Number of protein chains: 2
Amino acid sequence: MAMIRQPENFPETVKEVRRQLALSQEELAHALGVSFATVNRWENGKTIPSKLAQRQFEQFCKQKKIDPASGESSDKSRQDQAE
Amino acid sequence: MAMIRQPENFPETVKEVRRQLALSQEELAHALGVSFATVNRWENGKTIPSKLAQRQFEQFCKQKKIDPASGESSDKSRQDQAE
DNA sequence: CACGCCGCATAGCAGATGTTATATTGTCGG
DNA sequence: CCGACAATATAACATCTGCTATGCGGCGTG
């Protein structure tokens, strides 16, 4: 029985990932190939991402070396905001 | 009225790719992470794929070394269809 | 032939998404 | 304080997608 395992709270996860990368909702949306409204709805719990969107998001996180499951980047390669 | 630029005919492209890989609509759908109905609608021109879906499809083609633009695999690495 | 199975086409409904528009909030400079 | 601006929240409408069910034709088996 495969329980689809959605991160229990997708909204926070998205916000967290976005914050770690210092991206606006619009920028993240563009990076994922979806619209701003979609990311906004995800973060505010208005909708749940499609399989494709979930896949894309996870792939994006991997690519960016971010762990969506945890609340932290967890690795030491922080480039942080050198401004 | 959007002059969105699609591969001139997405329906044929999908059919062609699917045929080259000898996949059923259901199998391709699963490989792409969408439903059978969606692939079926694409092939029959009922709907146009979302950005995400287009992206996934193109990525799938690259991964499978198939050129969606042409009607042929174009390369010699054919896995046969010895059946 | 009758039956079941598979691949495909189609339809309806609910939910997700894209687009556009409007409102709110916070920040910055005057 | 006021205005301008960016980022965000929200809404409405059209389209796409997921799911389910149905129908059709082909194919093999009894």
Side-chain angles (χ1 to χ4, degrees), chain A residues 1-61 64 66 68 71 79-83, chain B residues 1-61 64 66 68 71 79-83:
Chain A
M1 313 261 289
M3 286 288 266
I4 317 178
R5 52 120 151 290
Q6 233 116 47
E8 42 224 70
N9 64 6
F10 191 70
E12 272 190 27
T13 302
V14 176
K15 283 183 187 170
E16 187 53 37
V17 168
R18 190 163 65 77
R19 201 153 297 199
Q20 286 180 26
L21 295 173
L23 297 174
S24 66
Q25 293 178 341
E26 195 177 356
E27 290 169 327
L28 176 59
H30 181 75
L32 291 174
V34 299
S35 69
F36 147 76
T38 295
V39 171
N40 186 281
R41 277 179 280 218
W42 290 346
E43 292 196 2
N44 291 288
K46 304 296 184 181
T47 59
I48 290 171
S50 65
K51 287 181 197 168
L52 218 47
Q54 287 182 44
R55 213 189 247 200
Q56 189 71 12
F57 180 70
E58 288 170 21
Q59 183 179 324
F60 176 78
C61 290
K64 295 298 183 182
I66 294 182
Q79 6 210 315
D80 73 271
Q81 53 284 26
E83 285 267 318
Chain B
M1 353 205 7
M3 14 188 346
I4 324 171
R5 92 171 18 314
Q6 241 87 68
E8 34 221 89
N9 64 5
F10 191 69
E12 271 189 28
T13 303
V14 177
K15 283 183 189 172
E16 187 54 35
V17 169
R18 190 163 64 79
R19 202 151 295 200
Q20 285 181 26
L21 295 174
L23 297 175
S24 65
Q25 292 179 342
E26 195 178 356
E27 290 168 329
L28 176 60
H30 181 75
L32 291 174
V34 299
S35 69
F36 148 76
T38 296
V39 171
N40 186 281
R41 274 171 223 166
W42 290 346
E43 291 196 3
N44 292 288
K46 303 296 183 182
T47 59
I48 289 170
S50 65
K51 286 180 195 166
L52 216 48
Q54 287 182 46
R55 213 189 246 204
Q56 188 72 12
F57 180 70
E58 287 169 23
Q59 182 178 324
F60 176 79
C61 290
K64 295 297 182 183
I66 293 184
Q79 310 236 222
D80 82 76
Q81 52 238 66
E83 283 275 313

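All chains are named by letter (A, B, ...) in the order of the sequence lines, taking the proteins before the strands, and each is independently numbered beginning at 1. Please read all numbers here as calculations on a predicted model, not as lab measurements. No hydrogens, no waters, no symmetry mates; every other heavy atom, side chains included, goes into these values.
- When the side-chain nitrogen and oxygen atoms of T38(B) are compared with OP1 and OP2 of dT17(D), none of them lie within a distance under 4.0 Å.
- Side chains of E58(A) and Q54(A): a donor-acceptor N/O pair is absent below 3.5 angstrom, by distance only.
- Comparing atom distances between the K51(A) side chain and each of dC19(D), dA9(C), dA16(C) picks out dC19(D) as nearest.
- Taking the charged nitrogens against the carboxylate oxygens, E27(A) and R18(A) have no contact shorter than 4.0 Å, which rules out a salt bridge.
- Take the nearest nucleotide of DNA chain C for K15(B) and for A53(A): the residue whose nucleotide is more 5' is K15(B).
- The base of dG18(C) sits with one of its N or O atoms less than 3.5 Å from a complementary donor or acceptor on the side chain of R41(A).
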### Query
Would K51(B) and V34(A) satisfy side chain to side chain contact (heavy atoms under 4.5 Å, CB included), going step by step from the backbone distance to the final call?
CA-CA 7 Å; K51(B) 286 180 195 166; V34(A) 299; over 6 Å; no
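- The listed nucleotides are dA9(D), dC16(D), dT17(C); the one nearest the side chain of T47(B) is dC16(D).
- Distances shown here put every side-chain N or O of S50(A) at or beyond 4.0 Å from the OP1 or OP2 atom of dG15(C).
- Using a 4.0 Å cut-off, some side-chain N or O of N40(B) falls inside it from OP1 or OP2 of dA9(C).
- For W42(B), no side-chain nitrogen or oxygen approaches OP1 or OP2 of dC16(D) to under 4.0 Å.
- Residue Q25(B) places its side chain closer to dC8(C) than to any other of dT8(D), dG18(C), dC8(C).
- OP1 or OP2 of dT8(D) lies within a sub-4.0 Å distance of a side-chain N or O belonging to R18(A).
- Taking side-chain N and O atoms only, N44(A) has a distance below 4.0 Å to OP1 or OP2 of dT10(D).
- Listed nucleotides: dT17(D), dT10(D), dT20(D). Nearest to the side chain of K46(A): dT10(D).
- Between dG18(D), dA9(C), dT8(D), one nucleotide has an atom nearer to the side chain of S24(A) than all others, and that is dT8(D).
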